[in-house]
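Accompanying notes for the structure given below.
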Amino acid sequence: MAANALLDTKIRAWFKMTDAKKDGCMCREDFQLIADRFVAEYNLGPEKATEIRNWLVDGWDKILHDNTCDMKALEADLPLVVAVNAKLGAGEKITEDEFTEAFIQLRNKDLSLAKKSLENMIDVFFDIFDADSDGFIIMPEMVVAMKCFGLESSELVQKTFECMDKDKDGKLSKDDYIGSWTDFFFGEESENPLLTCFAAFMNPGAAS
């Protein structure tokens, strides 16, 4: 499978999994809902709550403007990303196609930026998921975290956890967790174990 085709498949799977309304669209309100779940579940203080909302609600804007303020350059280099960010900022819905194509454009234009942004975001979330602050995520912690994203199936989360837990010690370090998601989104290996976990979301009509 070509790199872009594989990435397309993986991004669409993630979109379907987190599309709470299962209507093929996401808007600012949807991302705000996810952020609010995290704030409530983890009883986050104002600083942490703002950080989470910045990544979830204004994530595209953060990626763009943390790296440059030159809008003309952004519009020329990343027109799909700029368009998605503008629609979300205006309260409009974005489709699965728009989300996926914007992500692929960002990846193809600046892979290092795309990876850095994903890693920075996951780093923030890991510290929240690690409820007892011992430096590791265990299965029950991951079930709670993924439910905030809208993944209600504990069986799916368990399979995902087991794929990430390469040394089978029942816990995930920050490196384990970040590395697994980075490999999933940006790796070109068609046999990535998470592809098997999310297989149901990679087939037409399987988003329910």
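Keep in mind that what you see is a predicted model, and the values were worked out from it rather than measured. For the numbers below, each heavy atom of this structure counts, side chains included, while hydrogens, waters and symmetry mates do not.
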>> Quick check: do F161 and Q158 have side-chain heavy atoms less than 4.5 Å from each other?
In response: no
>> Are there over 12 heavy-atom neighbours, none belonging to K48, within less than 6.0 Å of that residue's NZ?
In response: yes
>> Could you report the tightest heavy-atom contact between L106 and L113, atom names first, then the distance?
In response: CD1-CD2, 4.0 Å
> Can you find a heavy atom in the side chain of L195 that is under 4.5 Å from one in the side chain of L6?
Replying inline: yes
> Relative to the ring of F149, is the ring of F129 parallel (under 30°), tilted (30 to 60°) or perpendicular (over 60°)?
Replying inline: perpendicular
> What pair of heavy atoms forms the shortest contact from C197 to C163, and how long is it?
Replying inline: SG-SG, 3.1 Å
> Are the side chain of T9 and the backbone of A5 linked by a donor-acceptor contact shorter than 3.5 Å?
Replying inline: yes
>> Looking only at the side chains, is there a donor atom on one of D176 and S173 sitting less than 3.5 Å from an acceptor on the other?
In response: yes
>> Looking at every heavy atom in both E101 and L80, which two are closest together, and how far apart are they?
In response: O-CD1, 3.8 Å
>> Please give me the minimum heavy-atom distance between S180 and K166, naming the atom from each residue.
In response: OG-NZ, 3.5 Å
> Which value, rounded to the nearest 0.5 Å, describes the distance between E98 atom CD and F15 atom CZ?
Replying inline: 9.0 Å
>> R53 and salt bridge (charged side-chain N to carboxylate O under 4.0 Å, His left out): which single residue from D61, D36, D58 fits?
In response: D36
> F198 ring centre to K10 NZ or CZ under 6.0 Å, with the angle to the axis within 45°?
Replying inline: no
>> Is any side-chain heavy atom of C148 closer than 4.5 Å to one of Y42?
In response: yes
> Is any side-chain heavy atom of M164 less than 4.5 Å from a side-chain heavy atom of W181?
Replying inline: yes
> Looking at D30 and K93, does any basic side-chain N land under 4.0 Å from a carboxylate oxygen?
Replying inline: no
> When you look at CD of E29, are more than 12 heavy atoms from neighbouring residues, nucleotides or ligands closer to it than 6.0 Å?
Replying inline: no
> Is the distance between the ring centroids of W55 and W60 under 6.0 Å?
Replying inline: no
> Is D97 paired with R12 through a side-chain N to carboxylate O contact shorter than 4.0 Å?
Replying inline: yes
>> As a quick check of understanding, evaluate side-chain contact (heavy atoms from CB on, under 4.5 Å) for D130 and D132, giving each step before the final call.
In response: CA-CA 6 Å; D130 179 17; D132 58 4; 2.9 Å; yes
> Do F103 and V81 come close enough that some side-chain heavy atom pair is under 4.5 Å?
Replying inline: no
> How long is the gap from OG on S154 to CE on M142, to the nearest 0.5 Å?
Replying inline: 12.0 Å
> Between V39 and A49, which heavy-atom pair has the shortest distance, and what is it?
Replying inline: CG2-CB, 3.7 Å
> CZ of R107 to CD1 of I11: how many Å apart, nearest 0.5 Å?
Replying inline: 10.0 Å
> When the ring centroid of Y177 is compared with that of F136, is the distance short of 6.0 Å?
Replying inline: no
>> To the nearest 0.5 Å, what is the distance between NZ on K147 and CD on E152?
In response: 5.5 Å
> Sub-3.5 Å donor-acceptor pair from the side chain of D165 to the main-chain atoms of D169, do we have one?
Replying inline: yes
> Considering only heavy atoms from C-beta outward, does the side chain of M139 approach that of E162 to under 4.5 Å?
Replying inline: no
> How long is the gap from NZ on K62 to CG on N120, to the nearest 0.5 Å?
Replying inline: 8.0 Å
> Is F125 close to I137 at the side-chain level, that is, under 4.5 Å between some pair of heavy atoms?
Replying inline: no
> Is there a donor-acceptor pair closer than 3.5 Å between any side-chain N or O of E141 and the backbone N or O of I138?
Replying inline: yes
>> Do the side chains of K115 and E119 get close enough for a salt bridge, i.e. N-O under 4.0 angstrom?
In response: no
> Taking all non-hydrogen atoms of both residues, which atom of C25 and which atom of T95 are closest, and how far apart?
Replying inline: SG-CG2, 4.3 Å
> Hey, what do you get for CD1 (I52) to OG1 (T50), rounding to the nearest 0.5 Å?
Replying inline: 10.0 Å
